[in-house]
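The block underneath contains the structure these notes are about, expressed in structure tokens.
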Number of protein chains: 2
Amino acid sequence: MTDRTGRVFDALADPNRRYVLEALASRETATATELAAELPVTRQAVAKHLAALNEAGLVESQRRGRETLYQLTPAPLGAAMDWMASVGAEWDARLAALRKHLRNRRS
Amino acid sequence: MTDRTGRVFDALADPNRRYVLEALASRETATATELAAELPVTRQAVAKHLAALNEAGLVESQRRGRETLYQLTPAPLGAAMDWMASVGAEWDARLAALRKHLRNRRS
DNA sequence: GTAATGTGCAACCTGTCGGTTGCGTCTAGT
DNA sequence: ACTAGACGCAACCGACAGGTTGCACATTAC
């Protein structure tokens, strides 16, 4: 798996970061101060989270005047989902093989 | 989102833990000492990771004699994927609406 | 021009996480 | 019975992540 996918999971591991993603998903765009108003942490904490999300490629920033707007970029979610799906699928295949094997032995 | 999904992301955030999952996906079953042999850490470290994975519902343990076998339980991955899919989908919908709005304004 | 608003940066604190070491226990082999 | 292998538990440690405070800088409003 690529290292980028690792950073996605790392970004998703924090509850506040997940809330930020949900908020951005329903909002088109938002500033750090706006998001901080809905969370029990300071603006700087939110700014750090946004930096982490940006590092993971989940968010893009765009400065307009004195405020910087953040916007969701959900593409890396796909790669992460692919990894999970592959792990699950491989295991499912093993399980199916095992079941078949047991059925054959029993008969 | 349920708190259980949060623990899944938390579990997936560590590279060694992801390696353990991959190993279990290709192996049906494995012990902590076996897995530790393939990783640059001690058995106890792997045991802690397996405990975390178990806490997240991604792994089940089963003691047989003097060794405990670990086995993948990929079900919680589904819930985590659902969360990601919903965030991505909501954003996609917003983006589509924005595109339509822009196209209407331009015409 | 000046005050207010919004940011970014840096230092600092604290808890937790990943990891190790040490030890006691249980099971399997001989 | 005794030794070796596999565990679990607990204490300990270093590093880093999340958070706060303080401050300087840029941009808007009056």
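Lettering of chains follows the sequences in order, A, B, ..., and the numbering in each one begins at 1. Owing to the predicted nature of the structure, the values given are computational and were not obtained by experimental measurement.
- Both A:Leu95 and B:Leu21 are assigned to one and the same hydrophobic cluster, defined by single-linkage of ILVMFWY side chains at heavy-atom distances under 4.5 Å.
- Rounded to whole angstrom, the span from the CZ atom of A:Phe9 across to the P atom of D:dA17 amounts to 18 Å.
- Within a heavy-atom distance below 4.0 Å of DNA chain D, no residue of residues 50-60 of chain B is found.
- Under the 3.5 Å distance criterion, with hydrogens and angles disregarded, no donor-acceptor pair is assigned to the side chains of A:Trp91 and B:Gln71.
- Under a hydrophobic-cluster definition in which Ile, Leu, Val, Met, Phe, Trp and Tyr are linked whenever side-chain heavy atoms come within less than 4.5 Å, directly or via other members, B:Tyr19 and B:Val41 are assigned to the same cluster.
- Listed candidates were C:dG18, D:dT20, C:dT21. Nearest to the side chain of A:Thr42 is D:dT20.
- Contact of the A:Arg17 side chain with the A:Leu12 side chain is not registered, since no non-hydrogen atoms from C-beta on lie closer than 4.5 Å.
- Applying the salt bridge (charged side-chain N to carboxylate O under 4.0 Å, His left out) criterion to B:Arg27, with sequence neighbours excluded, gives B:Glu38.
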Inset, instruction - Using the side chain to side chain contact (heavy atoms under 4.5 Å, CB included) rule, take A:Tyr70 and A:Val20 through it: C-alpha gap first, then chi angles, then the decisive distance, then the call. - result: CA-CA 10 Å; A:Tyr70 288 89; A:Val20 166; over 6 Å; no

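- Checking C:dG19, D:dG18, D:dT20 against every side-chain atom of B:Asn16, the shortest atom distance belongs to C:dG19.
- A straight line from CD of A:Glu34 to P of C:dT5 spans 15 Å, rounded to a whole angstrom.
- Between the CG atom of B:Leu39 and the C1' atom of C:dG19 there is a distance of 13 Å, rounded to whole Å.
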Please write out the pairs of protein N or O atoms and N or O atoms of nucleotides 22-29 of chain C separated by less than 3.5 Å, giving the distance to one decimal.
residue: C:dG22; atom: O6; partner: B:Gln44; partner atom: NE2; Å: 3.3

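- Rounding to whole angstrom units, CZ of residue A:Arg7 and P of D:dC16 are separated by 16 Å.
- Nearest-nucleotide mapping onto DNA chain D: of A:His49 and B:Leu69, the residue sitting toward the 5' end is B:Leu69.
- Toward the 5' end of DNA chain D, the nearer of the two residues A:Arg17 and B:Lys48, judged by each one's closest nucleotide, is B:Lys48.
- Looking only at side-chain heavy atoms (C-beta outward), A:Asn54 and A:Leu58 stay at 4.5 Å or farther from each other.
- Between B:Thr5 and B:Asp82 the shortest side-chain heavy-atom distance does not fall below 4.5 Å.
- Residues B:Phe9 and A:Leu39 share a single hydrophobic cluster, defined by chaining ILVMFWY side chains whose heavy atoms lie under 4.5 Å apart.
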